[in-house]
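Notes follow the structure.
Sequence lines set the chain letters: A, B, ... in the order given, protein chains first and strands last, and positions in each chain run from 1.
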Amino acid sequence: MDITAAFSEALQLILGADAKFLQIVGLSLRVTLTAVLLAALIGLPLGAWLAISRFSGRALVIVFVNGLMGLPPVVAGLVVFLLLSRAGPLGSWGLLFTPTAMVIAQTVLVLPIVIALTRGTIEELWREYREHLASLGVNGWRAVPTLLWDGRFALATGLLAGFGRASAEVGAVLIVGGNIANYTRTMTTTIALETSKGDLPLALGLGIVLMALTLLINALAFGASRIGQRFAG
Amino acid sequence: MRDLASILPLRVENLAFEAEGKALLGPVSFKLPKGGITAIIGPNGAGKSLLLRLCHGLIAPASGRAEWATEGGLLAGRKGHAMVFQRPVMLRRSARANLQHAVSVAGAGRRVAEALQRFGLEPLAERPARLLSGGEQQRLALARAWLLAPEVLFLDEPSSQLDPGATRQIEAILLGLASEGVTLLMTTHDLGQARRLARRVLFLHRGQLVEDAEAHAFFAAPRTEEARAFVAGDLLW
Amino acid sequence: MLDRRVTLGIAGALLLVAPALAQTQPNRFITVSSTTSTTDSGLFTHLLPIFQVKTGIEVRVVSQGTGQALDTGRRGDADVVFVHARAQEVKFVEDGFGVERKAVMYNDFVLIGPKADPAGIKGGKDIVAALKAVQAKGSLFISRGDKSGTHAAELNLWKAAEIDIEKAKGPWYREIGQGMGAALNMASAQDGYVLADRATWLNFRNRGDLDILVEGDRRLFNQYGVILVNPAKHPHVKQADGQAFIDWLVSPDGQKAIADYKIGGQSLFFPNATQPGA
């Protein structure tokens, strides 16, 4: 099959809003958005805590978290797989080969990014705001909401980076999701599968959507930092 | 007779501060009664800002104490004293939101709209605070402190970064606050400003309180050698 | 006091996350670990809706190589395994991981190669002679190398040709460690020979210069079996629904559904549940 034909078929899939196509895109977005939201709910407070707390071993924790930002998706997938497999410690939950398992694996992938970025952003703000907030009687934990809000543009960029990483990865979701048709098949796993079947139009169509998504994420990140600069002065 | 509802007078007794084993301030003792503007003056490194921070409770002394008339310096559950820093921290929000933030975390005594009006900030209310000019930022910082209805206001070099026009504006505001009964304790490196504003002068040198005098008396005839040299404009070490 | 906007943000995020986490699971489903060939060929896309309409049971298929699919069953991560490597299936049951193996259907392997045919084997019926020629000429051969059923079948054929592939392998013999489709893609891109199951081949669209060169040899026969994972080993196995799927596959209804799956008028799989010894 030549590339031009594949390309035009791919465009038809996108423009014709093909049901199977939309289902795959929808699942991908649902899984990744949920993972990013979970990572934000856990990672923002945790990163902020890491930024303002002082304890022995803190530097080690920071190095460790920064290192985890480069965790290969297949390794994250493997770890979650081993945990969720019936033969693993959390096997009784019966979550392997479900979208929930994919959400967990992607949360594991995104979490270090969120924590590390939040830590960096909040620590810098904390240095600047500390005395002012203390003067208002706001210390320690109580400063976190203020710091998170004032770091909102930098943090949004971090969350978008996490979203980009999760939506583009194939290793983790393939291992823990099992690539089950109509159930755990995401854009990336479908591209891998359809390419191996030689069905290039579907793979290409999804590839185009992924590319568009990446562009959108970058545009949003750019916009966020532009608005952020306005407030940061 | 002591006012039971007041956190004043502030009694500073043998207050000292050190960092890494090096004595930076004190021991210093003085009493801050209600009313008026008191200027802390002295050369760089004399410990002026440290003294303000110790009084405001931002840092803990190595020894001695700064004691308010009511326990913990609390007035009806509020702190009763506020501080404006040399480089005021502007939150990454609009001017109005900067004021609202102070209200929401510290529990305000006054209304945001009132503060905007009084400090001439209404046209700037929706602008990002960090994009305001130095004088505007300082007004916003004063408005933010005023919102808390403090009985005592600490000011660290309130006009050191400002041009003469903005400086005059700030000084007018400070005199206005003092005339309304707010007690002001401020540092300044600008002797002219101390002359214009202060009723009382605390002269610090190398961490020691060298002179504590009425302003007119101090400027007319400093009692100590160091103060004389300082007022005369000589460099002091 | 919490900053109100941050509080609202957290509450909003929780509202968004909650439904995604508590997504409604369909009442009845089973997980089947199967091979890439059954999925890539499109058979399941044809069979499963028929079964679901009849029984209300959703079948979720995880497609892997036969070896991996059996491992998934061993760990208890599937209720049913549906694979094609008889010796391994028998061992799976003997080791107590499966309840009983049932024959379902067969298809056949075909030897695919470039139309230019550098080894000169086109049109032959003897797979053993063809493999000998490929090895003698040193023509490029793509091996799955992934412990799949097809890989096992390929290794058996080399053995039948009395070629010790471990010793004979060289630059001409490439083990790619991937699925059937990937192997076909590589053969197409590099003009290599490859052993493929007919179903995947018929469903494969990126053929390029490839064609069937050798077919019809009895030794290319490819039998599929289905096994219920042993509930005695893994108590959570959905015994009743898994058994219902197996019973349907070997029933006249299921067998007819398998025979009915055609591409371009050609059947891809041939039901033979009733054939003794299959």
Quiz prompt | Which portion of B:R53 sits near chain A, non-hydrogen atoms under 4.5 angstrom | solution = side chain
Self-check item: Per-residue contact mode, B:L58 against chain A (heavy atom under 4.5 angstrom)
Solution: side chain
Let me confirm one number: the [atom1]-[atom2] distance from [X] to [Y], rounded to the nearest 0.5 Å.
{"X": "A:T146", "Y": "B:R93", "atom1": "OG1", "atom2": "CZ", "answer": "5.5 Å"}
{"X": "B:M90", "Y": "A:Y129", "atom1": "CE", "atom2": "OH", "answer": "10.0 Å"}
{"X": "B:H101", "Y": "A:L136", "atom1": "NE2", "atom2": "CG", "answer": "7.0 Å"}
{"X": "B:F154", "Y": "A:S135", "atom1": "CZ", "atom2": "OG", "answer": "9.5 Å"}

Quiz item: Does atom CH2 of A:W93 have more than 12 heavy-atom neighbours from other groups under 6.0 Å away?
Solution: no
Exercise. Would you indicate whether A:E124, at its atom CD, is surrounded by more than 12 heavy atoms from other residues, nucleotides or ligands within a distance under 6.0 Å?
Key: no
Quiz item: Ion pair present between B:R130 and A:E128, side-chain N to carboxylate O less than 4.0 angstrom?
Solution: yes
Exercise. Considering only NZ, NE, NH1 and NH2 on the basic side and carboxylate oxygens on the acidic side, decide whether A:E131 and B:R87 come within less than 4.0 Å.
Key: no
Quiz item: Are A:R130 and B:V89 close enough, and set up right, to give a side chain to side chain contact (heavy atoms under 4.5 Å, CB included), and what steps lead you there?
Solution: CA-CA 9 Å; A:R130 185 176 194 149; B:V89 174; over 6 Å; no
